[in-house]
Amino acid sequence: MSAIPEEPQTFYDAVGGEETFRLLVHRFYQGVVKDPLLLPLYPEDDLTGAEDRLSLFLIQYWGGPNTYSAQRGHPRLRMRHNPFVIGPAERDAWLKHMHDAVVSLELPDELEKRLWDYLVYAAQSMVNAPDA
């Protein structure tokens, strides 16, 4: 009798699924709320919504349920961020808080690197005011 081949594990599953991504994003926003550069970019009454949307996006991106697209359609990240002035300072502040959050997860090195490399790429791609 032959064994049924296992499905390859998604990154989402490898890091601990929804719980890990929600924790990552929650810890990220704990830094954002104290950041005088980033906080003004978020609607004051919508930090919870922003936290949920980022969690759902990352969950979907990394192989979890497609709830983000079901609720909001195609991510169109650049379009959604275009109304905000995002220069190198905003990118770096975002990355600082995200780095703190990523490190706090204590993922195995190879998973942490893969996640971090994507986040750096994503943050850079949102810069729309390179001379700001």
Side-chain angles (χ1 to χ4, degrees):
M1 192 180 272
S2 64
I4 298 172
E6 284 188 37
E7 294 278 326
Q9 186 179 42
T10 64
F11 184 87
Y12 170 82
D13 291 325
V15 300
E18 180 173 349
E19 181 180 339
T20 298
F21 285 101
R22 291 213 177 261
L23 182 59
L24 169 71
V25 173
H26 181 72
R27 289 180 176 166
F28 165 73
Y29 276 103
Q30 286 177 324
V32 169
V33 299
K34 299 175 199 163
D35 190 302
L37 183 63
L38 290 183
L39 188 57
L41 298 177
Y42 293 89
E44 198 170 312
D45 59 344
D46 195 31
L47 278 175
T48 301
E51 186 172 326
D52 189 53
R53 288 187 296 275
L54 180 55
S55 295
L56 291 175
F57 170 76
L58 291 173
I59 286 167
Q60 176 175 306
Y61 180 85
W62 290 105
N66 68 348
T67 308
Y68 180 93
S69 288
Q71 291 179 358
R72 299 186 44 87
H74 189 281
R76 290 180 267 200
L77 295 180
R78 286 202 41 96
M79 181 197 78
R80 292 184 195 275
H81 289 83
N82 201 44
F84 308 102
V85 175
I86 303 171
E90 291 80 8
R91 175 204 58 212
D92 292 349
W94 191 93
L95 284 170
K96 180 217 177 299
H97 299 299
M98 190 55 82
H99 186 260
D100 292 346
V102 168
V103 168
S104 78
L105 296 176
E106 300 180 349
L107 297 172
D109 289 346
E110 64 277 3
L111 297 176
E112 181 178 301
K113 181 181 180 342
R114 188 169 167 202
L115 177 59
W116 180 243
D117 287 350
Y118 168 75
L119 293 167
V120 170
Y121 165 79
Q124 180 59 42
S125 69
M126 294 301 112
V127 173
N128 58 20
D131 299 324

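Residues satisfying the side chain to side chain donor-acceptor pair (under 3.5 Å) criterion with Asp100, sequence neighbours excluded, are Lys96. For Asp117, the salt bridge (charged side-chain N to carboxylate O under 4.0 Å, His left out) partners at least two apart in sequence or on another chain are Lys113. Among residues two or more places apart in sequence or in another chain, the salt bridge (charged side-chain N to carboxylate O under 4.0 Å, His left out) test is passed with Glu18 by Arg22.
With rounding to the nearest 0.5 angstrom, the CD atom of Gln71 is 10.0 Å from the CD atom of Gln60. Here the CD1 atom belonging to Ile59 is positioned 11.5 Å from the OG1 atom belonging to Thr10, to the nearest 0.5 angstrom. Note that OG of Ser55 is 8.0 Å distant from CG of Leu24, once rounded to the nearest 0.5 Å. A distance of 10.0 Å separates CG of Leu115 from OG1 of Thr20, quoted to the nearest 0.5 Å. Distance check, rounded to the nearest 0.5 Å: OG1 of Thr48 to CZ of Arg53 gives 10.0 Å. With rounding to the nearest 0.5 Å, the separation of NE2 in His97 from NZ in Lys34 is 9.5 Å.
Within the 4.5 Å cutoff, no side-chain heavy atoms of Phe84 are placed close to those of Asn128. Leu58 places a side-chain heavy atom less than 4.5 Å from the side chain of Val25. Leu47 places a side-chain heavy atom less than 4.5 Å from the side chain of Tyr29. Proximity of Glu51 to Tyr42: side-chain heavy atoms (C-beta onward) are nowhere separated by under 4.5 Å.
Heavy-atom contacts from other residues, nucleotides or ligands closer than 6.0 Å to CD of Glu19 number 12 or fewer. Within 6.0 Å of CD in Glu110 there are more than 12 heavy atoms belonging to other residues, nucleotides or ligands.
Residue Arg91 comes nearest to Ile86 through the heavy atom pair N-CG2, 4.4 Å, listed as atom of the first residue, atom of the second, then distance. When all heavy atoms are compared, the tightest approach of Val85 to Ala129 is CG1-CB, 3.7 Å. Taking every heavy atom of both residues into account, Ala14 and Leu111 meet most closely at O-CD1, 3.9 Å. Among all heavy-atom pairs drawn from Trp116 and Val102, the shortest one is CE3-CG2, 4.3 Å.
A single hydrophobic cluster is seen to contain both Tyr118 and Tyr12, as judged by linkage of ILVMFWY side chains at heavy-atom distances under 4.5 Å, directly or through other members. Residues Val103 and Met98 do not share a hydrophobic cluster, defined by chaining ILVMFWY side chains whose heavy atoms lie under 4.5 Å apart. In this structure, Leu37 is not a member of the same hydrophobic cluster as Val33, with clusters built from ILVMFWY side-chain heavy atoms closer than 4.5 Å.
At least one donor-acceptor pair closer than 3.5 Å links the side chain of Asp35 to the backbone N or O of Leu38. When atom types are taken as modelled, the side chain of Gln124 and the backbone of Tyr121 share no donor-acceptor pair closer than 3.5 angstrom.
A ring pair (Phe, Tyr, Trp, His ring centres under 6.0 Å) with Trp62 is found for one member of Phe57, Phe11, Tyr68 and no other, namely Phe11.
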